[in-house]
Amino acid sequence: MSPHEQERYSRQILFDGIGERGQRKLLEAAVVVVGCGALGSFQAGALARAGVGRLRIIDRDYVEISNLQRQWLFEESDAAEALPKAIAAARALKRINSSIEVEAVVDDLTSSNATDLLDGASLILDATDNFETRFLINDVAVSREIPWVYGAAVGSYGITMTFRPKRTACLGCVYPEPPPGAQPTCETTGVLGPLTSAIASLQSAAAMRILCGTIPADPNITTMDVWTGEIRQIAMPERDPECRVCGRGDYAYLQGKHRAPVSLCGRNAVQIHEKSRPLDLTELAQKLRPLGTVRSNEFALRFEMPPYLFTVFPDGRAIIKGTTDVGLARSLYSRYLSA
């Protein structure tokens, strides 16, 4: 460890739970943050400040003004430019800590890329908004024996739990199937900024405990309501020998038998995947300007034609806001974005 690193992380090194040995492990670690909204932006910032050596940020979305109330790395200028969250986060993290490696991945986590994006990680932090993606993370984590930390926050209520393959239950043991029915989201129920920072802090602390290797991860499920002030812990269930994932080795989500929904988290928006057709955003901007308002940068193009707002990425993926009808969204994509 260099003298600069010893000075920079001196207050962590003084803490008995970390010390010089733990700090070296943080500097050598590689963490993947899946999702860079309220939870993920806080996690990424906390771990960058703690000196985690390599961070990979995966997010499919772009910064909006409504994010700024709770998404900790973003500023008004990011929303004005409609920057992809992963790109805006990477820029902010490099300003926070220029000595670490930060990789921005503007994409969904899917069965086709999950192994490449998650394999080799020291740890995975969950900051996603749907159970399908979490089950995919769990499949990769169990199959590759990568520890990961689950987190969710909506309204004033949040939950977090830590999974260590072969040592603890996995997500499939806790939730054999996704919870039935439509789940509340920040778009339908709202969310408090202090809740997201509290849950993300617990996740980040769990990550640091695992990476430093000083004490075992918390074997409990922690829930909290920051409005009532209630905090509870219940014991994690034992591993289920009949669990689809860690018991039987059935990685259905990794094998592509299930997909994350194309309607986005209650946002009155649909995501269309057309990655076989990369787009030239400069040419597309010229084509669309006579039809509506266009703003573009090297990362994405936004085309507003009320009541619809298109956000288009160079790989052909698009988020179409103004409908939850997948058929209509595909029709709009074909009409305005196809060659």
Side-chain angles (χ1 to χ4, degrees), residues 32-37 40 56-61 84-86 103-121 123-150 152 163 165-166 169-183 185 240 242-267 269-279 312-320 324-327 329-330 333-334 337-338:
V32 180
V33 178
V34 185
C36 196
R56 175 176 288 161
I57 314 297
I58 305 171
D59 196 284
R60 66 188 177 189
D61 212 346
K85 290 181 180 179
E103 179 187 1
V105 179
V106 184
D107 208 344
D108 291 282
L109 187 73
T110 67
S111 59
S112 62
N113 66 16
T115 299
D116 288 340
L117 292 178
L118 302 181
D119 203 7
L123 180 137
I124 303 164
L125 279 168
D126 162 46
T128 62
D129 59 13
N130 65 85
F131 268 91
E132 288 80 2
T133 305
R134 292 181 178 119
F135 278 120
L136 174 58
I137 292 172
N138 189 61
D139 278 6
V140 176
V142 171
S143 65
R144 299 298 191 274
E145 297 187 24
I146 303 171
W148 72 285
V149 188
Y150 169 105
F163 301 108
K166 294 190 175 180
C170 79
L171 183 64
C173 300
V174 179
Y175 294 108
E177 298 291 338
Q183 300 300 303
T185 72
D240 180 0
E242 296 302 315
C243 171
R244 173 187 64 81
V245 187
C246 68
R248 302 201 305 268
D250 177 3
Y251 307 121
Y253 287 81
L254 181 56
Q255 293 164 0
K257 297 177 182 177
H258 304 276
R259 286 193 61 184
V262 291
S263 293
L264 297 180
C265 188
R267 281 179 40 192
V270 171
Q271 180 172 231
I272 302 296
H273 294 264
E274 290 289 354
K275 294 185 179 180
S276 61
R277 288 193 281 181
L279 296 171
V312 188
F313 300 91
D315 63 3
R317 184 170 59 90
I319 296 172
I320 300 175
T324 57
D325 184 327
V326 176
R330 292 192 186 282
Y333 186 103
S334 177
L337 306 183
S338 295

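These values consider heavy atoms only, across backbone and side chains, with no hydrogens, waters or symmetry-generated copies. This structure is a prediction, so every number in the text was calculated from the model and none was measured.
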message: Please determine whether side chain to side chain contact (heavy atoms under 4.5 Å, CB included) holds for the pair F163 and V174, giving the CA-CA distance in whole Å, both sets of side-chain angles, and the decisive distance to 0.1 Å.
response: CA-CA 10 Å; F163 301 108; V174 179; 4.1 Å; yes
Look up atom [atom1] in [X] and atom [atom2] in [Y], then write down how far apart they are to the nearest 0.5 Å.
{"X": "Y150", "Y": "T128", "atom1": "OH", "atom2": "OG1", "result": "8.0 Å"}
{"X": "T133", "Y": "L109", "atom1": "OG1", "atom2": "CG", "result": "6.5 Å"}
{"X": "R144", "Y": "I124", "atom1": "CZ", "atom2": "CD1", "result": "10.5 Å"}
{"X": "C170", "Y": "R244", "atom1": "SG", "atom2": "CZ", "result": "8.0 Å"}
{"X": "L171", "Y": "N138", "atom1": "CG", "atom2": "CG", "result": "4.5 Å"}
{"X": "L125", "Y": "I58", "atom1": "CG", "atom2": "CD1", "result": "11.5 Å"}

Grab the two heavy atoms, one from [X] and one from [Y], that are nearest each other, plus how far apart they are.
{"X": "Y253", "Y": "P178", "result": "OH-CG, 3.8 Å"}
{"X": "F313", "Y": "P84", "result": "CE2-CG, 4.2 Å"}
{"X": "A127", "Y": "G40", "result": "CB-N, 3.3 Å"}
{"X": "V140", "Y": "A114", "result": "CG2-CB, 3.8 Å"}
{"X": "V32", "Y": "A121", "result": "CG2-CB, 3.8 Å"}
{"X": "V105", "Y": "A86", "result": "O-CB, 3.7 Å"}

Indicate yes or no for a side-chain donor-acceptor contact from [X] to the backbone of [Y] under 3.5 Å, with no hydrogens or angles considered.
{"X": "D108", "Y": "T110", "answer": "no"}
{"X": "R56", "Y": "E103", "answer": "no"}
{"X": "R60", "Y": "R317", "answer": "no"}

Option among D129, D139, D126 that satisfies the side-chain hydrogen bond (donor to acceptor under 3.5 Å, both in side chains) test with R134: D126
- prompt: Should R248 and D240 count as an ion pair when the cut-off is N to O under 4.0 Å?
  reply: no
- request: Kindly check if the number of other-residue, nucleotide or ligand heavy atoms within 6.0 Å of CD (Q255) is above 12?
  value: yes
- prompt: Which of these passes side-chain contact (heavy atoms from CB on, under 4.5 Å) with S143: V245, L118, L254, D119?
  reply: L254
